[in-house]
Structure formats: structure tokens, C-alpha cells
Number of protein chains: 2
Amino acid sequence: MVTIKDVARHAGVSVATVSRCINETGYVHADTRKKVEDAVRALNYAPNEVARSLYKRKSRLIGLLLPDITNPYFPQLARGVEDGMQANEFRIIFGNSDENEQKEQEYIQTFIQNNVVGVISSTNRPDSDIYAKLNIPVVFLDRTSSDSPSVYSDGRKGGRLAAQEMIARGSKRITVLRGPVHIRPAQDRFQGAVEVLEEAGIVYNIIQTSSFSFAEAESWAKELFAKHLDTDGVIASNDIVATAVLHEAQRLGKRVPEDVQVIGFDDIPLSSLLSPSLSTIRQPAYDMGKEAALLLIRLIEQGTVDNRNIQLPVSFVERDTTRKVD
Amino acid sequence: MVTIKDVARHAGVSVATVSRCINETGYVHADTRKKVEDAVRALNYAPNEVARSLYKRKSRLIGLLLPDITNPYFPQLARGVEDGMQANEFRIIFGNSDENEQKEQEYIQTFIQNNVVGVISSTNRPDSDIYAKLNIPVVFLDRTSSDSPSVYSDGRKGGRLAAQEMIARGSKRITVLRGPVHIRPAQDRFQGAVEVLEEAGIVYNIIQTSSFSFAEAESWAKELFAKHLDTDGVIASNDIVATAVLHEAQRLGKRVPEDVQVIGFDDIPLSSLLSPSLSTIRQPAYDMGKEAALLLIRLIEQGTVDNRNIQLPVSFVERDTTRKVD
DNA sequence: TTGTATGCGTTATCAC
DNA sequence: GTGATAACGCATACAA
């Protein structure tokens, strides 16, 4: 490993001068600068970030905690975060929490031990003291906390939208899949949808689900049609569940959207590739990730920021699991 | 931040003793140990990994470089890696390379600057000197290099399998989608399929594709049927492309699998949720990721290892885009 | 404008 | 068994 000492020796100056040169802090004569730059190039020197981090008590690392990267919604988020950070020369220590408090603790712990300068987390416990006790900036992503910085989309609005579009397209016996109770955005969607349904005086049923996993999605779908075979509109808690519903509906010989309409949530990449392609409420996941990164960076660099809560818009993406309206 | 000094003061001993105690290195009297442990608990002390890393010239961090986490094949890989590392108390610095050499360089660079003790990479240039010059262990994942450690599945076998199953199920005018030429596993699959097709004297066409992206997959699918409308069997380069083919076939009013059979590659989670569900050649992505993690850890801890190349088996997953055979 | 010396938090050496 | 202390690589205060 080539250190600042080697560079100093090679350039015939002191380490202090090399440091000043590299960090553009303090005066350094043009000739000296040249010698140093040459030495840096010649030795292919790159500063040891660990030593830097130790001295300055902060790194160029941030911690990213997501429930499960295997859930197709999160890679988008992660990618947005990564791009935002990458562009600003921050690196990411990444972990999956599985929504497990223990793991969450462990990760946050090691984040701190590694001097990360900020954390982005999609936790279900934003108000937990794990976060309250942190003395570095935290941004909650796809989650909200009273007044902690966060980036999210309007779940309630999304739920309302889903119900409105479904009603406008003529469904009369709607089934709403209610997502996991401990996941805030899922409940917001549910609330929004139910509100509109109530307002419109539409008959609806509820199917309770407890995860967003592929494995279980199929069982909710089966349960749905077992209990409510005559339903003519399904508002799913996300696109994975919607996909399973679509699959099951077709297996039962139902025509979509003629016999039953389906609306998902998220607009994950696969949605447009299904047959029929899935109508859904789109969340701009990539943008949310990127915004979270930029917000965190502002927080890190400026200590505070005017707009701590960034809400991104949801929108109805009309595809082929809903009927056309004129 | 509470340091080892604070613990020492609180326990009424020297930092050396605390260190010995924590690292279980050297003698320490039972009574002293107790005092130290109490102090650690009381102050909620956790060692600063940065200082450790600086002194020992190595961290508990590894670098993970994937082309694009947004491609649904990679989250599985990433998750496997993460679980393998997590279980052994290693953390991951993660980056997307976009198969871009520049980015790849940058990431590897910063990995080193952060004292990572190993790297896992799905690169298209395993033989590049970026890796050759690294003096920490590297494991290539889903990629092979002459004799560098790597974890992969048998692409050629997979390609052969796809072709065999397709032939066995009666397709006579097969189209093979040839994946990006610079991606080794894609070419292996292609080779394998073509071999079998040639051996069997089956007529086949080739459609060249240059990426695995969702966005472009649809255009390959359109091109396929534009050029070879009468094809009755498609061997896709991966499940994303297969999904697009399936979608396009249905749009054209073709019945799958009656008019045209489709076989994908990878077995990403969505494959089973399509209608009809996708027959595919499965790669055990999660296991591959995990194996890569464990291999890297062996390399890190033992310096060398007997089996440097781990090949995991592929298998045909029979679903509904292929006809049943008796 | 440049160099010397100090400290960041930890571990390891060596003397006691 | 235990405690000073040097060293890891870097950035800064201060002296020159």
C-alpha cells in the first residue's frame, strides 16, 4: 500500500504539504504542487479512507437498510439511492432487515462502528429509539415518521385513486386486499381505497394479508376467490399480490378485465409485461430513492434543510386489467 | 462516542487490558474481566471498526459489484451474498457497475481505499488487470475466469437442456435468442442450445439481442415475430426476454404453448406468476450468492482453498409455456 | 509557503 | 496479569 509518506518522500516534501495539496487546503507553491501531483501519479496514490475517517470522525459511507432486496419493489429504491450517492462520491453499506428488529439493530450498530455519516432506512419502526438515539442524519424511505426527514409517496391518495378508477370502470362488488398491518404505506393505501368505496356506497369485501412475499401471494389470491368468487374488481395491496390475483383469476377461467378488473400498486417493472398487462398505481420508486439520497446529503452537508418531508406523486397507470372508459 | 479509554477509566484499568479482554487475547484476571465487562455494558461500548481497520490494515467489509440490481436476477444473488456475509459478521459495500468499466474501476478503487478484505464481482472482464492487481481475494459470481475463484452455473448445460426439452415437446422451427455477446454465461447458453439443435438437425433461427433490460426486451420480441412469424418454439436468453416474447406472442393471438412454446432462463420469481407460467432453466441464484460469500470468506481466512471453482447445477422447471410430454 | 508534532481509537509489544 | 507506549495513515495547529 502506498501512503502519503511515500508520496512525500518521492516528491521531496513533507506529508503536510502533500495533504494540503490533495485536499486543497492551505497554501502550496505552484512548483511544489506540480512535484506532488507528479508523485501522486507516479505512485498511483489514493488516500486511505479509513485513516481519513478515523481522523475526521466521519467517512464517505452511508448505511442503507431495506426490508428485502428480493422484493421487486426495493431494487428500484436501492438503485435510486445508489445513483444519488454515487454521483456525490458517497458509498453504501447495504443490509436487508427482513423487518426484523434484531437485524435492524445489528446493522445500525455496525453502521455506526464504521463511521457512516448518514442512514437511509425503510423501517416499520421509524419512531423506535434505535433511530432517535442516532446522532447522524437519518432519512426514512417509503416510510414516514412524525417529523423525521422522509421521502415517500401519497399512499392514501393512491388508494383513493385505485378505488375511483375501479368504480369509474363499473365494478360493483369490489374486494380490497389489505396489506400487512405493520407496514404504514400499505395501510394508507387501504384507508384511501376504503374511504372512496364508503363515500360511493359501493359493496366491498376485505381480505387480510400479512406479507408481500411471492410465496404467500398465491395463497391470498386463492383465498380471495374462495371467499368471494363473484367479485368483479380487486384492489391489490401491491403488484406482486395483484399478479397472483390475475394468475388465479385466469386459472379459474375468468376473463380479465371483462369479468373482473384488477389494480395493483407500485408499478414494478414486470407489471407491463404481464398478459394482460397490469393496471396499477405507480410509485416513482427510483426517484424516491434518489430524492432520499439527495435529502440525506443535504442533511449531512448542511446540518439542516428547509423541506424535510418529500412526498412524490402517485399516478394511475392504465393498462389492460381494467376496462376502457370513454 | 464512547471509546476504549472511557471503558478503561470506568473500569479502573488500562486500555490495554480492555483490549485484551474484548479480543480475548492474552491473560486477564477473572475479577478484572468482570469489571471490564460491566463497564462495557454500562457505557454501551462498541469498538470503533475504523480504528481497528486502520491498525490491522483490514476491515470486516467486503465489496460487492453487480451490473444492475434493478435486473431481477441480481437481487437473488445479492441476497445470497448478504446472508452469507451477515452470518459471518462481514458487511457489504455495494455498487452497480452498469457493465461500465469506468464505474467498475471507481468502485474497486474505493473498495480498496476502505480496506475491504475481499471482493465479489459479476464483471464481464474478469481477466482485466483491475482484478489481477488486487492483492485481496476476489470471487467472480455468475462469471468465470481461467483460474480465479468463481461461482457459476453450467450455462452450456442449461442451453442444451432448453433445446432438448423443446425438441422433445415437438417444436420444429425453433428460434434462439442470443444474449449479449460480451456476457459469457449468455453465450454459453446459446452455444449449448445451438449444439443440440445442430445435433438433432433441427431448423432454427437466431435473433441477436444486446441487453437484458426490460425496456429493450419488448423490441427483441417484436423483431422475433416480425422476422419469424411461424416459429413454434422460442429459447430465450433469460426470463425477462422470455416474458416479453410471451407477451408479444399473446398480443399476436398465438396460443402458448399450443402454437409456440417458450423456455426462459434463470427462474426469477415472477416466472411462476405469469399466465401461462413460464417454463425455464433454473439457476439457483440465491445459492450461488451464498456460495460466493462462503468461498470468499474461506479465501480471506485461510488464504487459499481446495475448490476454487464452484459450479451449481441448472435444471429444467416445467411450467405452462411448454407442452406436456408423456 | 513549508515542516514538525500531535491525535483520531485501536491493537500489540514489551517491560514490569 | 497488567500498564505504558508505539504504530496504523491521515489532517491540522502551530512554528518556522
Side-chain angles (χ1 to χ4, degrees), chain A residues 1-37 39-40 43-61 89 109-117 135-136, chain B residues 1-37 39-40 43-61 89 109-117 135-136:
Chain A
M1 161 182 278
V2 29
T3 76
I4 198 172
K5 253 185 196 163
D6 302 318
V7 177
R9 193 174 320 119
H10 192 281
V13 299
S14 75
V15 296
T17 302
V18 177
S19 177
R20 272 191 294 263
C21 207
I22 289 171
N23 299 296
E24 319 240 0
T25 159
Y27 303 106
V28 40
H29 191 91
D31 298 351
T32 317
R33 172 175 304 277
K34 170 127 182 38
K35 283 193 292 185
V36 171
E37 283 166 354
V40 165
L43 301 177
N44 196 17
Y45 169 74
N48 181 325
E49 282 296 332
V50 176
R52 270 193 176 164
S53 171
L54 179 60
Y55 179 84
K56 305 179 105 170
R57 287 193 209 74
K58 54 185 189 186
S59 65
R60 299 292 291 179
L61 260 20
E89 323 231 34
Q109 171 78 287
T110 61
F111 287 167
I112 298 178
Q113 291 180 271
N114 283 285
N115 274 6
V116 302
V117 282
N135 50 2
I136 51 173
Chain B
M1 160 182 277
V2 27
T3 76
I4 197 172
K5 255 184 194 162
D6 301 317
V7 177
R9 193 173 322 120
H10 192 280
V13 300
S14 75
V15 295
T17 302
V18 177
S19 178
R20 271 192 296 263
C21 207
I22 289 171
N23 300 295
E24 321 241 0
T25 159
Y27 302 107
V28 41
H29 192 92
D31 298 351
T32 317
R33 172 176 304 278
K34 171 127 181 38
K35 282 193 293 184
V36 172
E37 282 166 353
V40 166
L43 301 178
N44 195 16
Y45 168 74
N48 181 326
E49 282 298 332
V50 176
R52 270 192 175 167
S53 171
L54 179 60
Y55 182 85
K56 306 179 106 172
R57 286 193 214 73
K58 53 186 190 183
S59 65
R60 298 294 290 181
L61 260 20
E89 323 230 35
Q109 170 79 285
T110 59
F111 286 168
I112 298 178
Q113 291 180 271
N114 283 285
N115 274 5
V116 303
V117 282
N135 51 1
I136 50 173

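FYI, side chains are in, hydrogens and waters are out, and symmetry mates aren't considered; it's all heavy atoms of this structure. Per chain, numbering begins at 1; letters A, B, ... match sequence-line order. None of the values given here were measured: they were computed from a predicted structure.
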Test side-chain contact (heavy atoms from CB on, under 4.5 Å) applied to A/Y45 and A/D6, step by step: CA-CA 9 Å; A/Y45 169 74; A/D6 302 318; over 6 Å; no

Expressed as a whole number of angstroms, how long is the span from [X]:[atom1] to [N]:[atom2]?
{"X": "A/Y27", "N": "D/dA11", "atom1": "OH", "atom2": "C1'", "result": "18 Å"}
{"X": "B/H29", "N": "D/dG3", "atom1": "NE2", "atom2": "P", "result": "13 Å"}
{"X": "B/K34", "N": "D/dG1", "atom1": "NZ", "atom2": "P", "result": "19 Å"}
{"X": "B/N114", "N": "D/dC10", "atom1": "CG", "atom2": "P", "result": "13 Å"}

Sugar-phosphate only, base, or nothing, as touched by B/T32 at under 4.0 Å among non-hydrogen atoms: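 Sugar-phosphate, no base atom in range.
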
Shortest non-hydrogen contact from [X] toward [Y]:
{"X": "A/R60", "Y": "A/E89", "value": "NE-O, 3.5 Å"}
{"X": "B/V2", "Y": "B/V7", "value": "CG2-CG2, 4.5 Å"}
{"X": "A/S59", "Y": "A/V116", "value": "OG-CA, 3.6 Å"}

D/dG3 OP1/OP2 closer than 4.0 Å to side-chain N/O of B/T17: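 Answer yes for this pair, as a side-chain N or O of B/T17 is under 4.0 Å from OP1 or OP2.
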
Separation between CD of A/Q109 and CD of A/Q113, rounded to the nearest 0.5 Å: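 The CD atom of A/Q113 is 4.5 Å from CD of A/Q109, to the nearest 0.5 Å.
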
Contact state string [nucleotides 8-16 of chain C, B base, S sugar-phosphate only, - no protein heavy atom under 4.0 Å]: BBBBB----

Check: B/R52/B/N23 side-chain N/O donor and acceptor closer than 3.5 Å: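 Yes, B/N23 and B/R52 have a side-chain donor paired with an acceptor closer than 3.5 Å.
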
